[in-house]
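A short worksheet on the structure shown next.
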Amino acid sequence: MGEQRGDGASEGDHGRRPDAGHGQAGLGRAGLGQVGELNERFARLLAAVLAISSELELDATLRTIVEVSADLVDARYGALGVLNEEGEFSDLFTSGVSDEVHEAIGRLPTTHGLLEELISHPRPLRVDDVTAHPKFREFPEGHPVMRTLLGTPILVRGTAYGNMYFADKRSGAPFTGDDERIIAALASAAGVAIENARLYARIRRSTEEFQRSLLPRLPELPGMQACARYRPSKTVPQIGGDWYDAIVLPDGVPCLIVGDVMGHDMRSATVMSQVSNMLRVLAYEQCEPPSRILHRLDEVLHGLHGGPMATVLLGRLEERGDSEWRLRWSSAGHPPPLLVPAAGPARYLRADGGHPLGVTAELPRPDHEHVIPTGSTLILYTDGLIENPGHGLDEGMDSLARAATELRHLPVDEMCEGLLGHRDGEFTDFTDDVALLALRLAEPATLCGGV
C-alpha cells in the first residue's frame with residue numbers, strides 16, 4: 001500500500017486519474033446545482049414583485065405582499081401590520097394564521113417587545129431564538145409559539161407605513177442572510193405598490209364623484225316609489241357612459257330612461273351628458289311614442305356627432321286605474337326591463353330590442369307595451385349588472401331575476417342594494433359600470449333618495 005496523504009489519497013491512487021476527474025465533475029455538478037437554485041429563487045423573487053405590483057386595491061395589495069413574501073422565504077407564519085399616525089397598529093394582514101387563532105388572540109399586536117425594535121429602529125431584524133431576545137415578551141394567549149423571526153419595515157415615501165415579519169421556516173432552519181435581503185427587496189417593492197394603490201383609490205374616488213355629478217336626482221314620481229343607484233367599474237378607474245333618468249312629462253306621465261354610451265373615457269362621459277340632456281328635451285317637448293323620441297334622437301346625434309354608439313331604453317309609465325299601470329317602451333339595443341310582481345317569479349319583458357343608437361337613423365323602431373299590476377316593481381338597468389366574467393349573459397340575467405324574486409319583500413331602496421350584490425351576497429366588483437332604476441307601483445308615492 002502506498003503512503004497515506006494528508007488529502008486522503010495514497011500513492012496507489014496516482015494511477016486512478018479518471019476518479020479524480022469524476023470528483024471534479026461532482027464539484028461542477030454541485031456548483032451548477034447551486035447556480036440553478038439561485039436562478040430559480042431569483043425567478044421566484046421577480047414573480048413575487050410582479051404579483052405585488054399587479055394589485056391596485058389596497059387591501060388586496062397588502063394581502064398579496066404578505067402571502068408571496070412568506071412563500072418566498074418558506075415561512076410558516078407571516079404578518080403585515082399597518083401603523084396609524086400614533087405609531088400603533090391599525091390593521092393586520094396575515095399568512096398561515098387561521099381565523100380561530102385570530103379570534104383566540106382577539107386584538108391587534110401591540111408596538112412593544114420585538115415589534116417595538118422594528119418600529120424604533122426601522123431596519124431589517126433577524127432573530128434565531130425569539131424567547132432569548134432581550135426585547136421578548138410573553139406570547140399573548142392563543143398565539144402560536146414561534147422560535148425564529150425575520151422582520152423589516154415598509155416605508156412609503158420615506159415614512160414608516162408599517163412592517164412585515166415572518167416566523168419559523170417550514171424546514172425548521174433559521175432564516176438566512178439571503179432571506180433577509182429578499183424580504184428587504186420585497187419591502188421596497190411593497191412601498192411602491194402601496195403608493196400606487198393609494199393613488200388608484202384617489203383617482204377612482206375622484207372619477208366616481210365626477211360621474212355622479214353628471215347624474216340627476218330623481219323627481220317625485222306620482223303613485224310610485226322610485227330608487228336609482230350607480231356603481232362604477234372596479235377594474236379600472238375610468239369614467240363610464242352609463243346613466244339613468246326620470247322626468248314627469250307635461251301630460252303627467254313619468255318618463256323613465258336608462259342608457260349606456262359605449263366607451264370608458266372622458267369623451268364617453270361628455271357624450272353621455274349630451275345624450276341624456278337631449279333625450280330629456282325631446283321627451284318633454286314632443287310627448288310622442290317612445291320609438292319616435294329615440295328615432296328623433298338618432299337623427300340629431302348623427303348630425304352632431306356622426307352617430308355615437310349607445311344603447312337606451314325609454315318608457316312611459318301610464319296609470320290605467322286603481323290596480324293597473326301600462327308600460328309603453330322602446331329599446332335601442334338595450335337589455336329588457338325586469339318585472340317583479342308582488343307574487344310569483346320575476347320575469348323579463350322580452351321584445352324586439354331594436355338597434356343601438358349610432359347604427360343608422362333610417363331603420364324604424366318598434367314600440368311595446370305591457371300591463372303591470374299595482375304592487376309590482378319594475379327594474380331598468382345597464383348591462384354591467386348582468387355581465388359576469390366567465391359566465392354567459394343568460395346566466396347573468398337568470399341570476400338577477402332570482403335575486404329580484406327573493407328581494408321583492410324589501411323596501412325598494414334596500415332591494416336595489418341587494419341587487420347590486422346579488423352574485424355573492426356582498427357588493428360586487430363590477431367589470432363595467434352599472435346604472436339601476438327601480439320603481440314600485442304603489443300608493444302613496446314615496447321617494448327613497450338619490451344615488
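Side-chain atoms of Thr311 and Asp260 include no donor-acceptor pair closer than 3.5 Å. For the residue pair Thr382/Asp242, the side-chain donor-acceptor check at 3.5 Å is satisfied.
Side-chain N or O atoms of Thr405 include one that pairs as donor or acceptor with a backbone N or O of Ala346 at under 3.5 Å. Checking side-chain atoms of Asn277 against main-chain N and O of Ser273 turns up a donor-acceptor pair under 3.5 Å. In this structure, Asn163 contributes its side chain and Ile154 its backbone to no donor-acceptor pair below 3.5 Å. At distances below 3.5 Å, not a single donor-acceptor pair connects side-chain atoms of Ser120 with backbone N or O atoms of Glu117.
Smallest separation of non-hydrogen atoms from Pro222 and Gly252: CG-O, 4.4 Å. Nearest heavy-atom pair across Phe175 and Val73 is CE2-O, 4.0 Å. Minimum interatomic distance between Leu378 and Pro337 (heavy atoms only, all atoms of both residues): CD1-CB, 4.0 Å. Residues Leu437 and Asp245 come closest through the heavy atom pair CD2-O, 3.7 Å. Between Pro290 and Arg316, the closest heavy-atom pair is CD-CD, 4.2 Å. Between Gly375 and Arg440 the shortest heavy-atom distance is O-CG, 4.4 Å.
Residues Met164 and Leu186 have side chains in contact (heavy-atom distance under 4.5 Å, counting atoms from C-beta outward). Ile247 places none of its side-chain heavy atoms less than 4.5 Å from the side chain of Pro219. Side chains of Asp91 and Leu80 form no contact here, defined as non-hydrogen atoms less than 4.5 Å apart. Residues Trp243 and Leu279 form a side-chain contact, since some pair of their non-hydrogen atoms from C-beta on lies under 4.5 Å apart. In this structure, Pro124 and Ile183 have side chains that are not in contact, with every pair of non-hydrogen atoms separated by 4.5 Å or more. For the pair Glu387 and Leu393, the minimum side-chain heavy-atom distance is below 4.5 Å. Put simply, the side chain of Tyr77 does not reach to within 4.5 Å of the side chain of Thr94, judged on heavy atoms. Contact check for Glu414 versus Glu417: no side-chain heavy atoms found under the 4.5 Å cut-off.
The ring-ring contact (aromatic ring centres under 6.0 Å, His included) analysis of residues 334-356, with sequence neighbours excluded, yields no pairs.
Rounding to the nearest 0.5 Å gives a distance of 10.5 Å between CZ of Phe136 and CE of Met146. Of the inter-residue distances, the one linking Leu313 atom CG with Ser330 atom OG reads 8.0 Å to the nearest 0.5 angstrom. Atoms CG and OH, from Leu338 and Tyr381 in turn, are 6.5 Å apart once rounded to the nearest 0.5 Å. Here Leu314 contributes atom CG and Ile257 contributes atom CD1; the two are 5.0 Å apart, rounded to the nearest 0.5 Å. To the nearest 0.5 angstrom, Leu115 atom CG is 7.5 Å from Leu149 atom CG. Note that SG of Cys255 and OH of Tyr284 are 12.0 Å apart. Values are rounded to the nearest 0.5 Å.
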Q) Step by step, would you call Asp433 with Tyr230 a side chain to side chain donor-acceptor pair (under 3.5 Å)? A) CA-CA 8 Å; Asp433 294 7; Tyr230 169 79; 2.9 Å; yes
**Q.** Steps toward side chain to side chain contact (heavy atoms under 4.5 Å, CB included) verdict (Asp413, Arg229)
**A.** CA-CA 9 Å; Asp413 54 339; Arg229 291 289 184 266; 3.9 Å; yes
Q. Can Arg320 and Val371 be said to form a side chain to side chain contact (heavy atoms under 4.5 Å, CB included), step by step?
A. CA-CA 9 Å; Arg320 284 168 45 108; Val371 174; 4.0 Å; yes
**Q.** Pair Met415-Gln225, side chain to side chain contact (heavy atoms under 4.5 Å, CB included): steps then yes or no
**A.** CA-CA 12 Å; Met415 184 180 185; Gln225 301 169 20; over 6 Å; no
Q | Verdict with reasoning, Leu114 to Tyr165, per side chain to side chain contact (heavy atoms under 4.5 Å, CB included) | A | CA-CA 10 Å; Leu114 280 172; Tyr165 48 97; over 6 Å; no
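Between Arg123 and Glu180, none of the side-chain N atoms (NZ, or NE/NH1/NH2) sits under 4.0 Å from a carboxylate O, so this pair counts as no salt bridge.
By the 30° and 60° cut-offs, the orientation of the rings of Phe139 relative to His143 is parallel.
With sequence neighbours excluded, no residue forms a salt bridge (charged side-chain N to carboxylate O under 4.0 Å, His left out) with Arg347. For Glu100, the side chain to side chain donor-acceptor pair (under 3.5 Å) criterion is met by Ser98, not counting sequence neighbours.
Applying the 6.0 Å contact sphere to CZ of Arg107 captures more than 12 heavy atoms from other residues, nucleotides or ligands.
If you run salt bridge (charged side-chain N to carboxylate O under 4.0 Å, His left out) between Lys169 and each of Asp74, Asp71, Asp179, only Asp179 comes through.
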